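Predicted model, so just to flag it, every value in this text is computed and none were measured. Naming convention: chains lettered A, B, ... in sequence-line order (proteins, then strands); numbering from 1 in each chain.
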Amino acid sequence: MVPPTIGRDMTFIPTAPDLLDGLNPQQRQAVDYRGPSLLILAGAGSGKTSVLTRRIASLLQNQDAWPSQILAITFTNKAAAEMRDRVEGLIGQAAEGMWISTFHSACVRILRREAENFGFTKNFTIYDSADSRALIKRIIKELDADAFGFTVSSVASKISRLKNELNDVESYARNANFNDPAERVFAEIFRTYTRELQRANAFDFDDLIGQTVYLFRAFPQVAAVYQRRFRHILVDEYQDTNHAQYSLIRELTRPVEAHVAAELEAGEGYRSSQRDATGGIPGASLTVVGDSDQSIYAFRGADIRNIVEFERDFPNSTVILLEQNYRSTQNILSAANAVIANNFDRKEKNLFTTVGDGEKIVGFTGYSQHDEAQFIADEIGVLHEGGMDYKDMAVFYRTNAQTRALEEIFIRSAIPYRVLGGTKFYERAEIKDVMAYLTAVANPADPLALRRIMNVPKRGIGPATEAALQNHADKNEQMLRDSLRQVDELGLGPKVTAAIQGLAATLDQATLVVETAKVADILEGLLKQTGFVDALRASRDPQDEARAENVEELLAQTKEFGTRNPEGTLLDFLTEVSLVAAADDLDDSSGTVSLMTLHTAKGLEYDAVFLAGVEEGLLPHQMSAGEPGGPAEERRLFYVGITRARQRLYLSLAMTRAQFGDVNVAMPSRYLQEIPTELIDWRQSPGMANSRGGTQPRAINARRGELGSSGSGLSSGGSGYGFSTGPSATALARAAKNAENKTQWANRVTSTVRDNGDLKLAVGDRIRHDDFGEGRVSSVTDNGAKSIAEVQFDTAGRKRLLVKISPIEKL
DNA sequence: CCGTGCAAAAAACTT
DNA sequence: TTTTGCACGG
């Protein structure tokens, strides 16, 4: 098909794909709407991505907008890339020139262009949370602020909260009570932090949004450039915007006043005027999409009022409700509806589908988190044998710490998996070191980066030398980097002096070519001259070999970046790395099961979803109990998890959970009983737990009192939603005790790992497994260290095992 | 300045 | 259970 083109002198308009094809009436209305502001309330799985992409395509196809006039904000870079692809798929190459990106990426792009306006330069560094914390740590130490009870994390979150509300030091100081010494000290910390960022030519994550808003408000003529340019602004996941992001949208959709517009268009080369009869430029058209039931980022400052009060904020707006779900079976939707209905103060909304009930939801209670993990692994095996691809299955959990048990069992069961987020590649110390080199090269004003690498690899520069250099810099009111160059003035030892001069020369040399050279070449030069990798390889620490490999991997990534972006500079690379989201490294073609937190799961969908750890204390999480609106937000999180599933949903929990090294009793989550009994098929219910091996079925959804609850010390959070806690709580308490000295339970699964060397198994062999007992090998795939045996156990059923590390012995 | 060893603290979610 | 901080001797 010939891609349609947009242009005035076209003689041939190819038949465009019908953009409204297959859409329901509400969806069509959303695509077709033209006007100042549109709110699409899109329930989970209601096809909002489809609507958004078609809406953009429609704007372009009808020539209501040029690509360059469109700004679409998504939640992750992956979502942005997908949206771009889909728009291009619909209307062809004309999609080039659109801005489709996250809030943060869009702001960086604007700030890099405009930084010179307010005391920064375009090569500013982006401080990630760890960088901010490192800086805050130094400041707290310097000001002796820990005496006032300030910790790094308390200061970091307070500053973040203030910035998300667009408060700066001055506005904080205006409202602070200076009779309170703690507030005075905090103001001092905040002031120092702000000054240090400015000096370092750096922005933290929150600044990226906040400073862009400040820029627009302080410089109307700068704002006007973007207000004039973007005629159509579309924001996805609007329920998770915070005040700063909301303000950014407000600024971008503000009309340009006549005199500013006149001045602007008198400037360089604007082909056609956007000014209306009054001489001003009307505000851009705004489309926002969201679902208040999926608001899960309050902790990051997200304000649900942004979406709830949209109609008041933007008068004359149109609201469209999308309720038909195209993703999940009715059973899954009924569960989701039932759960979310317990949140009061929400707009009534009921998802429905026409695909039918589907399978029941499966529930499972394990004795331990390993037992739970084993259940998940087994079910994944069954689904896979039934023809489902690993990539269409996912396991969600509340906290990253839960991955350990899952990983241990998955490895043992030879299930290919991938963990999204968690300890990310770029958070490893050696990678941060190398990135600090690149940052120091790109932004010579950044002392944080420089300090990090000054003695990595070891070159005999200790705290004393560093302090001397810093003093020299302060005295001469210059950058730390300049002092490095002038180290001979300091009268340090010859060895140290030479080492510092060497480092200075290496960095300066790289900085010279920072605009032109390829990232990979810069990095290769740095690594070679500093002997970074060699130092790691020479080390006696066995982990350093892996670290060296990680650095090589990073080098490979810079090369890959170079092929992907032939024009890409070091600055582009650093920006991209700073702004990757957890869901961004999701690879659809990986052929692995995906493991991620419930937060990361937002916006994704899978044929089969496993929700692990549905327990009090975990979901809802302990720490949410004290927060206003905490339990309601946790319920939304549960709701988000449920609604990711297309065909199959598994809810699992464990009776005991190990954390902080010791074992705790875990109670079933209060949210479980909000799901109608008939929707769940409990393979092993929480009520069955007792020390005799568990054969007493007990309805999990039994209403409080029906089974005669006796208030034991182990209530389920005191919410009034508790389960009948009498007998099962006793059993659970006993279970906890027993878990320590591994008792007589059948099917208990531990985390035992063993190195079996090159144990070889053949079909027909009898083996004994520490957890599953005896069994017969029914098939083996011989792959050396990766050999997988399928074993029919006498009592525990059929399992796939990775031979090398499973706790087995041949009989 | 460097490496070792022991004590102490810490573990929600994320751009 | 794992990571980080501090004191010590070389």
Self-check item: Per-nucleotide protein contact string for nucleotides 2-10 of chain B (B base, S sugar-phosphate only, - none; heavy atom under 4.0 Å)
Solution: SSS------

Could you check whether [X] pairs with [Y] (Lys NZ or Arg NE/NH1/NH2 to Asp/Glu carboxylate O, under 4.0 Å)?
X: R300(A); Y: D240(A); value: no
X: E372(A); Y: R657(A); value: yes
X: E196(A); Y: R138(A); value: no

Could you tell me the separation between the [atom1] atom of [X] and the [atom2] atom of [N], rounded to a whole number of Å?
X: E408(A); N: dT2(C); atom1: CD; atom2: C1'; value: 13 Å
X: H599(A); N: dA12(B); atom1: NE2; atom2: C1'; value: 8 Å
X: E615(A); N: dA12(B); atom1: CD; atom2: P; value: 14 Å
X: K163(A); N: dT15(B); atom1: NZ; atom2: C1'; value: 14 Å
X: E237(A); N: dC13(B); atom1: CD; atom2: P; value: 20 Å
X: R109(A); N: dT15(B); atom1: CZ; atom2: C1'; value: 18 Å
X: M596(A); N: dC13(B); atom1: CE; atom2: C1'; value: 14 Å
X: Q245(A); N: dT15(B); atom1: CD; atom2: C1'; value: 9 Å

Exercise. Respond yes when some side-chain nitrogen or oxygen of N400(A) is under 4.0 Å from OP1 or OP2 of dT14(B), and no when none is.
Key: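 The answer is yes; a side-chain N or O of N400(A) sits under 4.0 Å from OP1 or OP2.
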
Quiz item: Are any of T600(A)'s side-chain N or O atoms less than 4.0 Å away from OP1 or OP2 of dT14(B)?
Solution: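 Looking at the OP1 and OP2 atoms of dT14(B), one of them is under 4.0 Å from a side-chain N or O of T600(A).
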
Exercise. Quick one: the dot-bracket string of DNA chain B, using Watson-Crick and G-U wobble pairs with both distances under 3.5 Å, [ ] for crossing pairs and | for bases paired to another strand.
Key: ||||||||||.....

Quiz item: Do the side-chain N and O atoms of R404(A) and Q369(A) include a donor-acceptor pair separated by under 3.5 angstrom?
Solution: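 Looking only at side-chain atoms, Q369(A) and R404(A) do not form any donor-acceptor pair under 3.5 Å.
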
Quiz item: Which heavy-atom pair separates A115(A) from K122(A) by the least distance, and what is that distance?
Solution: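 A115(A) and K122(A) have their closest heavy atoms at CB-N, 4.1 Å.
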
Quiz item: For residues 71-79 of chain A, which residues have at least one heavy atom under 4.0 Å from DNA chain B?
Solution: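 The stretch gives none, as no residue of it lies under 4.0 Å from the strand.
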
Practice problem: For DNA chain B, determine which residues of residues 294-301 of chain A have any heavy atom closer than 4.0 angstrom to one of its atoms, and list them numerically. | Solution: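 Y297(A), F299(A), R300(A) - these, ordered by number, are the residues of the stretch whose heavy atoms sit under 4.0 Å from the strand.
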
Nearest-0.5 Å distance, [atom1] of residue [X] to [atom2] of residue [Y]:
X: M435(A); Y: E427(A); atom1: CE; atom2: CD; value: 12.0 Å
X: L234(A); Y: I100(A); atom1: CG; atom2: CD1; value: 9.0 Å
X: Y226(A); Y: I110(A); atom1: OH; atom2: CD1; value: 5.5 Å

Practice problem: Sticking with atom P, work out how far dT4(C) lies from dC13(B), rounded to a whole angstrom. | Solution: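 Going atom to atom, P in each nucleotide, I get 16 Å.
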
Pair up each side-chain donor or acceptor in residues 617-625 of chain A with any protein partner under 3.5 Å, not counting sequence neighbours, and list the distances.
residue : atom : partner : partner atom : Å
H621(A) : ND1  : M623(A) : N            : 3.1
S624(A) : OG   : H621(A) : O            : 2.7

Quiz item: Under 3.5 Å, is there a donor-acceptor pair between the side chain of N164(A) and the main chain of R161(A)?
Solution: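 The answer is no, because no donor-acceptor pair under 3.5 Å joins these two groups.
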
Counterpart residues, side-chain contact (heavy atoms from CB on, under 4.5 Å), relative to [X] (two or more places apart):
X: D544(A); value: L536(A), S539(A), D541(A), R547(A)
X: A546(A); value: none
X: N550(A); value: F425(A), R428(A), E430(A), I431(A)
X: Q198(A); value: F120(A)

Exercise. Answer yes if the ring centres of F75(A) and Y297(A) are under 6.0 angstrom apart, and no otherwise.
Key: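 Ring centres of Y297(A) and F75(A) closer than 6.0 Å.
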
Self-check item: Nearest listed nucleotide, side chain of E634(A), among dT14(B), dT15(B), dA12(B)
Solution: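 Shortest atom-to-atom distance from the side chain points to dA12(B).
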
Quiz item: T597(A) has a side chain; which of dT15(B), dA12(B), dT14(B) sits nearest to it?
Solution: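 Closest nucleotide among those given: dT14(B).
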
Under 3.5 Å, sequence neighbours excluded: what are the donor-acceptor pairs made by side chains of residues 206-215 of chain A?
residue : atom : partner : partner atom : Å
D206(A) : OD2  : S160(A) : OG           : 2.9
D207(A) : OD1  : K163(A) : NZ           : 2.9
D207(A) : OD2  : K163(A) : NZ           : 3.2
D207(A) : OD2  : D204(A) : N            : 3.3
T212(A) : OG1  : L208(A) : O            : 2.5

Quiz prompt | Residue closer to the 5' end of DNA chain B, S624(A) versus H104(A) (nearest nucleotide) | solution =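 Whichever sits nearer the 5' end wins; that is S624(A).
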
Exercise. Would you mind telling me which residue lines up with the more 5' stretch of DNA chain B, L637(A) or V496(A), judged by nearest nucleotide?
Key: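 Nearer the 5' end of the strand: V496(A).
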
Using a cutoff of under 3.5 Å, can you pull out all pairs of nitrogen or oxygen atoms linking the protein to nucleotides 3-10 of chain C, with atom names and distances?
residue : atom : partner : partner atom : Å
dG5(C)  : OP1  : K137(A) : NZ           : 2.7

Self-check item: N471(A): side chain to side chain donor-acceptor pair (under 3.5 Å) partners, not counting sequence neighbours
Solution: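 Side chain to side chain donor-acceptor pair (under 3.5 Å) check on N471(A) returns nothing, list empty.
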
Practice problem: Please work out if T465(A) contacts a base, only the sugar-phosphate, or nothing of the nucleic acid, heavy-atom cut-off 4.0 Å. | Solution: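 Since only primed, P, OP1 and OP2 atoms lie under 4.0 Å of T465(A), the category is sugar-phosphate.
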
